Amino acid sequence: MVDDAPPRANHPDTLPRLAARLLEETRARHPRVHALTNAAAQAFTANLLLAAGAIPSLTVAAEEAEHFARRADAVLVNLGTLDAERRAGIPVAVAAAREAGRPLVLDPVFVEASPPRLAFARALLAERPAIVRLNPGELRALAGAAPGPAVAAGFARETGAVVALTGEVDVVTDGDRTIRIANGHSLMAAITAMGCAGSALLAAFAALHEDHSEAAAAALLVLGVAGEIAGARAAGPGSFPAAYLDALHALDEAALSDLARIS
Amino acid sequence: MVDDAPPRANHPDTLPRLAARLLEETRARHPRVHALTNAAAQAFTANLLLAAGAIPSLTVAAEEAEHFARRADAVLVNLGTLDAERRAGIPVAVAAAREAGRPLVLDPVFVEASPPRLAFARALLAERPAIVRLNPGELRALAGAAPGPAVAAGFARETGAVVALTGEVDVVTDGDRTIRIANGHSLMAAITAMGCAGSALLAAFAALHEDHSEAAAAALLVLGVAGEIAGARAAGPGSFPAAYLDALHALDEAALSDLARIS
Amino acid sequence: MVDDAPPRANHPDTLPRLAARLLEETRARHPRVHALTNAAAQAFTANLLLAAGAIPSLTVAAEEAEHFARRADAVLVNLGTLDAERRAGIPVAVAAAREAGRPLVLDPVFVEASPPRLAFARALLAERPAIVRLNPGELRALAGAAPGPAVAAGFARETGAVVALTGEVDVVTDGDRTIRIANGHSLMAAITAMGCAGSALLAAFAALHEDHSEAAAAALLVLGVAGEIAGARAAGPGSFPAAYLDALHALDEAALSDLARIS
């Protein structure tokens, strides 16, 4: 458990070193992530967390989500397949996470496609998530402006959340600092829940590292480098997910340092 | 998006050529398929659509299914794990698809096992699906007669839907023309949601090709040939799904023409 | 179907021989297992049953679970992601199984994490499950004592169920006899739903073999040996599940006898 972790002071780690260190800590300390996520992402999210060393739980029901969120070290809320059970359970889990002082990561999947989902996402932004991970279409819907690094930074200042804008180049910003990560593989866009599951690693790292901007960037670096290693091994989108989890499970600082493309 | 596609005139393509062309169009134009499908099939259905180049969405909730169905190019309804949320969401999505003029594919999974599900399926047949994909047990329950090509043709005339009766030999009929496809691999029966996910490709092709009988037959040919290629590579039912999606992702006209067994 | 199976007399099979025989019978007779299981386990559970030769169904809704449970040869209840639909459907399926005389397997996942789930599990124990499969944390919550073989045996006598306590060494006890199985692989703990899906094989074997203590031990032996074979082939937790189902599908008496570590 990570409850008694000392607050982490500023440190001189480069991002690959930090990413390697947080991955080692995840393997050693097994942070719990309670993920309220979409139906198509649940199994893969749990497997990604387990491959990284974290402990997943997935219950959505309001009656139980409170208990699971309270014992978790971080909570992930993903808005895919947003049904009545999820609409009821998510606010309960979010409140439990806030009371327990646990970081909340919000992934507003397909928020541009459904007005009720957009309204639900806006209400969650008022709950001060630590990190919001989204793609350009989702940022456009939430920020009401053409997506890009400047709009992401403004959205971070407006919401108080670290914004992790993912795409060919990932952009992480707290409104002040901005980190760009150019890792990843084209096959990652051809697998469902790849981004959704990745958001769970941002939650695990946010549980271990107080600077959530660095935590998000470190997690995206890990995911992007694992994707590149998997892309070199996989024969297509069918064999990619297994190769990706294998790569994540075996990832070390040498690979992170060799392959990182950060600016 | 395919909204502004010109109506497709009759054409002289053989089925393997048509299948290859529709697969190329799927890769180039990324039709959206909204799939209201069973809980065990959601992730694999999304991954099959992505491997083929289509864009999946999966939301079941009535409040949202309308929005997703309206922006989709085709809608798939699968009756597995038919819970209260699905019972409420499916009619909303079906109505939205009909209003938008989008083809509906119905997969009445296990309809022979549950009287409430059979009644629900009958009500959906009145909504004029473009294609009904089923196996012999499901056809027997719906048509009330021993399944076979003649009963399938009669059921197509009665419902106005193209009937895709799958088994060792797939039969596609609009009540007039009948196409038989003898491709596939025995391991396809040893993997859950293999048929369910395949139905989503029928929906994607139906969005691209007005002749839904040809679209269904072309999709079943693609699925059967991908299955044969995967069967030759896989070590068992565990490794089959990855090999299948890899094969689908790489499939081309040469393999379709070489391996097609059509009559 | 196995309905007309003759009651099985006592027999001199060793456990590997019995396990091989029950696996052969599963492949030949295709017992139906209706699994009310958690959202992250549904697809993998179905695929494990299919890889072993059994026929899965997964519907949770109360309206339909009754029909599916009644035509099944065994019913599995897993308490993960215990939402309102599952809370309503599980008692209906359990009652249908009891009326039809079908064995019930209970897997009280994460029962230590949520008081409402613990109460729900206690109510199910009163329905006389044939087998309860759990891990030490779950046994501690249900038995109110530090887990171990003696507490497991006491819990079996108290509940009338065979207790399958899984961990590095699996312990199967009916309160009288105790069997220990030391097979398995460390990667099995790094994949979600591995235990949940395995419980479905206990249900399939319980449908085929009246001595539920032997059935549970035989199933755990099969799962552990398949895990060892897969562990030797897999490159990590990503490739493990496919290797595991491939191994299960191909498993034979020679491998079971060679690799079994039983006491």
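Below, chains carry the letters A, B, ... as their sequence lines are ordered, and counting in each starts from 1. These numbers were taken from a predicted model, which means no experiment stands behind them.
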What do you reckon, is CZ of A:Arg261 surrounded by more than 12 foreign heavy atoms closer than 6.0 Å? yes

In terms of heavy-atom pairs under 4.5 Å with chain C, the winner among A:Ala247, A:Ala250, A:Ala242 is A:Ala242

Interface moiety of [X] toward chain A, non-hydrogen atoms closer than 4.5 Å:
X        : answer
C:Arg87  : side chain
C:Ala189 : backbone
C:Leu82  : both
C:Ala193 : neither

Taking the side chain as every heavy atom from C-beta outward, state whether C:Ser114 and A:Glu63 have any atom pair closer than 4.5 Å. no

Taken to the nearest 0.5 Å, the spacing of C:Phe110 CZ from A:Ile55 CD1 works out to 7.0 Å

Value for CD (C:Gln42) from CD (A:Gln42), rounded to nearest 0.5 Å, stands at 9.0 Å

Bottom line for A:Glu85: the part with an atom under 4.5 Å from chain C's heavy atoms is side chain

Nearest heavy-atom approach of A:Asp246 to C:Gly238 is OD1-N, 2.7 Å

Taking every heavy atom of A:Ala51 against every heavy atom of C:Pro237, the minimum-distance pair comes out as CB-CG, 3.9 Å

Dump the intermediate steps for side-chain contact (heavy atoms from CB on, under 4.5 Å) on C:Thr192 and A:Leu50, then the final yes or no.
CA-CA 7 Å; C:Thr192 196; A:Leu50 288 164; 3.9 Å; yes

Item to complete: Determine, stepwise, if the pair C:Phe120 / A:Glu64 fulfils side-chain contact (heavy atoms from CB on, under 4.5 Å).
Response: CA-CA 12 Å; C:Phe120 193 83; A:Glu64 298 209 298; over 6 Å; no

